[in-house]
**Student:** 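Before we start, here is the structure in question, set down as C-alpha cells.
Positions are given from 1 along the sequence. Keep in mind it's a predicted model, so treat the numbers as computed, not measured.
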Amino acid sequence: MLKRLSCFERTATKTALGAACAFLSLGAPCWAQTPAPSAADVSMARSLGVEGVQLADAGNCAAAIDKLTRAESLYHAPTILGRLGECQVTTGKIVLGTETLERVVREPLAPHAPAAFAAAHARAQKALDAALPRIAKLHVHVDPSTAPGLQVKLDDEVLPAAALDVDRPTDPGAHQLDVTATGYAEVRTSVTLAEGASQTVPIQLAPVAAPVAAIAPVGAGVTAITPASTAPVATTPDQGPAPLAPSPATPPPDQGGSSGSGTRTAGFVLLGVGGAGLAVGTIFGVLALSSKSTVDDECGNHKSTCPASAQSNIDSMKTRGTIATIGFIGGAALAATGGVLVFVGGRSPSADSGTHASVFSPRVAAFIGPASAGLAGDF
C-alpha cells in the first residue's frame, strides 16, 4: 500500500531531492581544480553539501555553515559556495558573506556548465545585491597617529595601519575598540553600528607621565627629605613636623666645607626635579583644558546629555587634570625645598681667634596634607 505524504513531508522531500539533483552534477566541474579531487572526496562533498542545503532551508544556518564549509574544502562548486555565503550573511557575518558571494559571481562558468551551476550563479547575484547595502562603515581616527607601537584592535582583531582613517566595511552591531601605544594610556571604547550606517570614532591618546618623586603626606610617619649631614625629621600623625634634633655644637674642622657643598648639590637636584614636575603639570594642564573644550562642544551646558562617543574625551580630561595637579603640587614643593637648600648651603662657617665657629647645619622637610602643603625646617 502506498503511503500518502503530508504537505510538510512532500515539501521536505522535494527540497531534499532538489538539493541532491543539484549536487549530482559535482562529477562535472565547471572549472579545473588542482590537484583534481578524488572520487571519494567528490562523493563526500556531495553528501555534506546536501546536508548543508537541507539545514539552510530549515533555517539552521549555524549548523549549515559547518557542513557547507567542509564540502567546499573538498570540492569547489557554486552550488556549495553560494549557499555558504547566504548563511554567513544570515548569521550576521555580512562582510564575510558578501565576499563569498562575490567569488561565485565573479568566477566564469564553463560553456557547458550544468544548469544547477548557472542557477547557483544567478541566486548568488541576487543575494549579493540584497546584502551589500546592509554593510556598515567604521572610520577610526587615532591622535597621535604616529605614536610608537600603536595597535588598534576591533573585537580582538588587530587592524592594519591601512584600515585607519578610512571607511572600513564592518558588520552592523556592537563592537569594542582597544587602542594601545608605547608611552600612552590604553583606551577602550565601544561602538554600535546600524545597518548601512557610517560612523567615525575619534580616539585621543593621553601620554603617561614619568613618575614624579613622591612626598609623604602629613600623618604617614615617613622620614622627610634632609641633608645627609643632619638628623632626619619625622612627621607625626597629629602634630605635623616633629621638633628638629639639635646639631652638634662643634663638628670636626674638616666637615664645614663638605657639608655646605653637599647641601647645595642636593638643592640643585631638587630644583631640577621640581622644575620637571612643574613642566609636567603645565603640559597636562594645557591638555586638560583642550579636552574640556572638546567635551563642552560635544555635551553642551548639560553634561547629562553627553553622547557615548564623548566618554573617551571625558576620561582623558580627568586623567590629564589629575596628572597636572600632581605635577604642580609636587614640583612646587620640591623646587621650594631645593631653593632653600641652595641658599643655606652657600653660607660658610666663620673663624674667630684661630678656633672654628659652630657650623650651621640646615634641616628641611617638605610635607603635603589633605588641605595644606609647605616646608618645615631650621635654617
**Student:** For the residue pair H139 and V201, establish whether any side-chain heavy-atom pair is separated by less than 4.5 Å.
**Tutor:**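 Sidechains of V201 and H139: no contact.
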
**Student:** Determine, stepwise, if the pair T100 / Q88 fulfils side chain to side chain donor-acceptor pair (under 3.5 Å).
**Tutor:** CA-CA 9 Å; T100 302; Q88 289 169 337; 2.7 Å; yes

**Student:** Would you give the length of the straight line joining atom CG of N60 to atom CD of Q54, rounded to the nearest 0.5 angstrom?
**Tutor:**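 Output value for this atom pair is 12.0 Å.
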
**Student:** Does any non-hydrogen side-chain atom of L150 lie less than 4.5 Å from one of V179?
**Tutor:**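 V179 vs L150: side chains touch.
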
**Student:** Is any side-chain heavy atom of L101 closer than 4.5 Å to one of L81?
**Tutor:**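 Not touching, per the 4.5 Å side-chain cut-off.
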
**Student:** Does D171 use its side chain to pair, donor to acceptor, with the backbone of K93 at less than 3.5 Å?
**Tutor:**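 Here the side-chain-to-backbone pair does not exist.
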
**Student:** Under a 4.0 Å N-O cut-off, is there an ion pair linking R46 with D41?
**Tutor:**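 Salt bridge flag = no for D41 with R46.
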
**Student:** Can you name the nearest heavy-atom pair linking L205 to A181, along with the distance?
**Tutor:**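 That closest heavy-atom pairing would be CD1-CB, 4.0 Å.
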
**Student:** So do V140 and D165 actually touch side chain to side chain, heavy atoms under 4.5 Å?
**Tutor:**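 No, their side chains stay 4.5 Å or more apart.
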
**Student:** Check the hydrophobic clustering (I, L, V, M, F, W, Y; side-chain heavy atoms under 4.5 Å; chains of links allowed) and say if L177 and V142 are grouped together.
**Tutor:**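 Per the 4.5 Å side-chain linkage, L177 and V142 are co-clustered.
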
**Student:** Judged by atom type as modelled, is there a donor-acceptor pair below 3.5 Å linking the side chain of T69 to the main-chain atoms of D66?
**Tutor:**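 The answer is no, because no donor-acceptor pair under 3.5 Å joins these two groups.
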
**Student:** Between H121 and V105, is there a donor-acceptor pair closer than 3.5 Å when you use the side chain of the first and the backbone of the second?
**Tutor:**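 Side chain of H121 to backbone of V105: a pair is present.
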
**Student:** Any chance you could measure R123, atom CZ, to R83, atom CZ, to the nearest 0.5 Å?
**Tutor:**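 Output value for this atom pair is 4.0 Å.
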
**Student:** Compare every heavy atom of E195 with every heavy atom of P172, then report the nearest pair and how far apart it is.
**Tutor:**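 Closest heavy-atom pair between P172 and E195: CG-CG, 3.6 Å.
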
**Student:** Are R103 and E72 within salt-bridge range, i.e. N to O under 4.0 Å?
**Tutor:**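 Here R103 pairs with E72 in a salt bridge, since their nearest N and O are under 4.0 Å apart.
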
**Student:** I need the minimum non-hydrogen distance between A77 and F117, along with the two atoms involved.
**Tutor:**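 Looks like CB-CZ, 4.0 Å.
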
**Student:** I'd like to know if the side chain of T90 reaches the main chain of E86, judged simply by a donor and an acceptor atom lying under 3.5 Å from each other, with no hydrogens or angles considered.
**Tutor:**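 Pair found, side chain donor or acceptor close to backbone of E86.
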
**Student:** Decide yes or no on side chain to side chain contact (heavy atoms under 4.5 Å, CB included) for I65 and T91, but give the supporting numbers first.
**Tutor:** CA-CA 9 Å; I65 287 176; T91 55; 3.8 Å; yes

**Student:** Should V104 and L84 be regarded as members of a common hydrophobic cluster, given that ILVMFWY residues are connected when their side-chain heavy atoms come within less than 4.5 Å of each other, either directly or indirectly?
**Tutor:**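 Yes; L84 is reachable from V104 via cluster members.
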
**Student:** Might you point out which heavy atoms bring L193 and K137 nearest each other, and give the distance in Å?
**Tutor:**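 Shortest heavy-atom separation between L193 and K137 comes out as CD2-O, 4.4 Å.
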
**Student:** Identify the residue among T189, V191, L154, D155 that makes a side-chain contact (heavy atoms from CB on, under 4.5 Å) with Q176.
**Tutor:**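 Only one of T189, V191, L154, D155 forms a side-chain contact (heavy atoms from CB on, under 4.5 Å) with Q176, namely D155.
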
**Student:** Answer whether the closest heavy-atom distance between the side chains of I203 and D143 falls below 4.5 Å.
**Tutor:**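 Result no, sub-4.5 Å side-chain heavy-atom pair not found.
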
**Student:** Show the numbers, then the answer: is there a salt bridge (Lys or Arg N to Asp or Glu O under 4.0 Å) between D315 and R188?
**Tutor:** CA-CA 11 Å; D315 295 339; R188 174 173 293 183; over 6 Å; no

**Student:** Below 4.5 Å, heavy atoms only, C-beta onward: do L55 and K67 meet side chain to side chain?
**Tutor:**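 With C-beta onward as the side chain, the pair touches.
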
**Student:** Between OG of S38 and CG of L74, what distance do you get to the nearest 0.5 Å?
**Tutor:**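 CG of L74 is found 8.5 Å from OG of S38.
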
**Student:** Taking all heavy atoms of I323 and all of A209, pick out the closest pair and write down the distance.
**Tutor:**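 Nearest heavy atoms, I323 then A209: CG2-CB, 3.9 Å.
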
**Student:** Starting at NZ of K153, measure out to CG of D156 and round the result to the nearest 0.5 Å.
**Tutor:**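 Reported to 0.5 Å precision, the distance equals 6.0 Å.
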
**Student:** Could you walk me through whether H141 and L164 pass the side chain to side chain contact (heavy atoms under 4.5 Å, CB included) test, one step at a time?
**Tutor:** CA-CA 6 Å; H141 173 74; L164 303 180; over 6 Å; no

**Student:** Does the side chain of E157 reach to within under 4.5 Å of the side chain of V152, using non-hydrogen atoms?
**Tutor:**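 A side-chain contact is absent here, since even the closest heavy-atom pair is not under 4.5 Å.
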
**Student:** With heavy-atom distances below 4.5 Å as the criterion, would you say the side chains of E102 and L128 are in contact?
**Tutor:**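 SC-SC contact between E102 and L128 confirmed.
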
**Student:** Do you know which two heavy atoms are closest between A131 and I94, and how far apart they sit?
**Tutor:**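 Heavy atoms only, the tightest pair is O-CG2, 3.8 Å.
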
**Student:** About how many Å separate CZ of F284 and OG1 of T325, when rounded to the nearest 0.5 Å?
**Tutor:**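 If I round to the nearest 0.5 Å, the distance is 12.0 Å.
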
**Student:** Let me confirm one number: the OG1-CD distance from T192 to Q199, rounded to the nearest 0.5 Å.
**Tutor:**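 Going from OG1 on T192 over to CD on Q199, the span is 8.0 Å.
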
